[in-house]
Number of protein chains: 2
Amino acid sequence: MAGPNTAWPEEQREEVLRFIERFASQMADAGWQRMPARVVAALMATDSGALTAAELAEMLRVSPAAVSGAVRHLTRLHMAVREREPGSRRDVFYVRDDLWQDVIAGRDRLLDNFEESLTMGVAAVGHDTPAGRRLAESAEFFSFLQKEMVEVLDRWREHREALREGHSGS
Amino acid sequence: MAGPNTAWPEEQREEVLRFIERFASQMADAGWQRMPARVVAALMATDSGALTAAELAEMLRVSPAAVSGAVRHLTRLHMAVREREPGSRRDVFYVRDDLWQDVIAGRDRLLDNFEESLTMGVAAVGHDTPAGRRLAESAEFFSFLQKEMVEVLDRWREHREALREGHSGS
DNA sequence: CATAGAGTTCACGCAATTGTGAAACTAGTG
DNA sequence: CACTAGTTTCACAATTGCGTGAACTCTATG
């Protein structure tokens, strides 16, 4: 019944809550909905990386209904995973370890849509007009960006592996 | 008095408007406010790259007040430029040619804030805890991403130059 | 210095979002 | 098979955001 962070001293608990709110606000600035952002932040800041709906509700001081909505949203976007341990009645929610990597990759798919629309725009204004050239260059930019991001993420995975080995070796 | 696109046949005009709305909607999905997005799309799809407030209002079928608000927002973010030709009473608004490059670079600054908050989070939960390691890795990810993006944008500028020379040469 | 064109500001109202409480649903447990 | 813990769903209330109309400001022109 006690939340997973109950053992923490009061002061530290508050500090963690401050981090959660602050980080969630920044996610909101970046276009996220408030509650899903808070849930993700809470999960990230929990040792096990997993919490039940009730624990989330208590931690974030919101109703179970709000948690339910946020979690549904997150699982739809594959940003959180629901799991129920057999012989238990409560669901547990995880964040995937490479969450942010996936988010960035997902943003990339958005860029793809941009490129598609821009190409439609080029056809609409005419490809041999100043506007057409401007739109075409923008489309090219997003295309370029997308290809580059794939490689950046590949390099990240390498970099991360190196980091992890470094840590276990020290 | 006639808008800059009045000469276009009705059908093409409609097609351009469809592009504007579609592209603006995608920008909205990416976290933009609706009206600023529509203004940017309209400017991009105009040959001169510039329109007056009145022209924007007519093109987007909104009140001058709405245009004023959107444009103020855009100029605050340095995403549009206001200019008044001497001896004229009307302001003209431009989009910068490397608009999207700047937008992406700006997003990068957001990542910087993320990294900062995450580092605070590490301190809050303790750097030698599972949560601390998770937060630290996320911070490292954003840091990595930011450095990589600088290089990606450099490469884009090179790539763009090559493209432009190719076009003028053909 | 009066007039009129161009844009801005502000108070209002409509619409969309978001969180809540209460009831309903689901699945373990005795 | 009733009971109960845990979660979801739904209607509603509160908040926020966004565009409009009307009044206001600023500046070029006669």
Side-chain angles (χ1 to χ4, degrees), chain A residues 1-4 17 20-21 24-25 27-43 50-77 79-94, chain B residues 1-4 17 20-21 24-25 27-43 48 50-77 80-94:
Chain A
M1 31 231 73
L17 289 179
I20 291 173
E21 295 307 327
S25 292
M27 291 171 70
D29 287 346
W32 285 59
Q33 293 182 338
R34 188 160 220 83
M35 277 304 298
R38 296 176 77 205
V39 166
V40 165
L43 290 173
L51 291 168
T52 66
E55 287 165 350
L56 282 166
E58 188 229 331
M59 198 162 176
L60 303 175
R61 310 282 171 103
V62 292
S63 70
V67 172
S68 176
V71 153
R72 178 159 44 87
H73 188 242
L74 290 173
T75 51
R76 287 212 138 276
L77 301 179
M79 306 223 13
V81 183
R82 177 198 309 275
E83 231 172 67
R84 176 170 294 191
E85 295 170 48
S88 165
R89 301 170 200 181
R90 63 215 213 304
D91 290 347
V92 177
F93 302 100
Y94 290 89
Chain B
M1 36 227 76
L17 288 179
I20 291 173
E21 294 307 326
S25 292
M27 289 170 72
D29 288 345
W32 286 58
Q33 293 183 337
R34 187 159 222 85
M35 277 303 299
R38 295 176 78 204
V39 166
V40 165
L43 290 173
S48 60
L51 290 168
T52 67
E55 286 165 350
L56 282 166
E58 188 228 331
M59 196 163 177
L60 302 175
R61 311 281 170 105
V62 292
S63 71
V67 172
S68 177
V71 153
R72 179 160 43 87
H73 189 242
L74 289 173
T75 50
R76 285 212 139 277
L77 300 179
V81 183
R82 177 198 309 274
E83 232 172 68
R84 175 169 294 190
E85 295 171 47
S88 165
R89 303 173 198 181
R90 60 213 214 306
D91 290 348
V92 177
F93 300 101
Y94 291 87

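The chains referred to below are lettered A, B, ... by the order of the sequence lines, with proteins before strands, and numbering in each begins at 1.
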Nearest-Å distance, CZ (R72(A)) to P (dG19(C))? 13 Å
If you look at every heavy atom in A70(B) and P36(B), which pair is closest and at what distance? CB-N, 3.8 Å
Distance, rounded to the nearest Å, where H73(B) contributes NE2 and dG19(D) contributes C1': 15 Å
Please tell me if the side chains of E58(A) and E55(A) come closer than 4.5 Å, counting only heavy atoms from C-beta onward. no
As an exercise, state the distance from CZ of R38(A) to CG of L43(A), rounded to the nearest 0.5 Å. 12.5 Å
In 5'-to-3' order, the base (B), backbone-only (S) or no-contact (-) status of each nucleotide in nucleotides 20-30 of chain C, using a 4.0 angstrom heavy-atom cut-off, is BB-----SBS-
Verdict with reasoning, V40(A) to W32(A), per side-chain contact (heavy atoms from CB on, under 4.5 Å): CA-CA 11 Å; V40(A) 165; W32(A) 285 59; 4.2 Å; yes
Hey, does the side chain of S68(B) reach the backbone of P64(B) with a donor-acceptor pair shorter than 3.5 angstrom? no
Could you go through the side-chain contact (heavy atoms from CB on, under 4.5 Å) check for M59(A) and L17(A) one step at a time? CA-CA 8 Å; M59(A) 198 162 176; L17(A) 289 179; 4.1 Å; yes
So does R90(B) have more than 12 non-hydrogen atoms from other groups sitting under 6.0 Å from CZ? no
Separation of atom CG in D91(B) from atom P in dC26(D), rounded to whole Å: 14 Å
Starting from the C-alpha separation in whole Å, work towards a yes-or-no answer on side-chain contact (heavy atoms from CB on, under 4.5 Å) for L60(B) and I20(B). CA-CA 9 Å; L60(B) 302 175; I20(B) 291 173; 4.1 Å; yes
Whole-Å distance separating the CG atom of L60(B) from the P atom of dT20(D): 10 Å
Mind running side-chain contact (heavy atoms from CB on, under 4.5 Å) on V39(A) and F93(A) for me, showing each step along the way? CA-CA 10 Å; V39(A) 166; F93(A) 302 100; over 6 Å; no
Want to settle it: does P36(A) or R90(B) sit nearer the 5' end of DNA chain C, counting the closest nucleotide to each? R90(B)
Expressed in angstrom and rounded to an integer, what is the separation of F93(B) atom CZ from dA6(C) atom C1'? 10 Å
Check every strand shown and say whether R82(A) touches a base, only sugar-phosphate, or nothing at a heavy-atom separation below 4.0 Å. sugar-phosphate
Could you list the protein-to-nucleotides 15-17 of chain D atom pairs, N/O on both sides, closer than 3.5 Å?
none

Flag if over 12 foreign heavy atoms under 6.0 Å of CZ, R34(B): no
Nearest whole angstrom, please: distance from the P of dA6(C) to the CD of E85(B). 13 Å
Working to the nearest 0.5 angstrom, can you tell me the gap between L74(A) CG and R72(A) CZ? 11.0 Å
Rounded to the Å, how far apart are E58(B) CD and dA6(C) P? 13 Å
Would you mind reading off the distance between L51(B) atom CG and dA6(C) atom P, rounded to a whole angstrom? 15 Å
Taking the axis from the first five pairs and the axis from the last five, what angle separates them in the helix from dC1(C)-dG30(D) to dG30(C)-dC1(D), rounded to 10 degrees? 10°
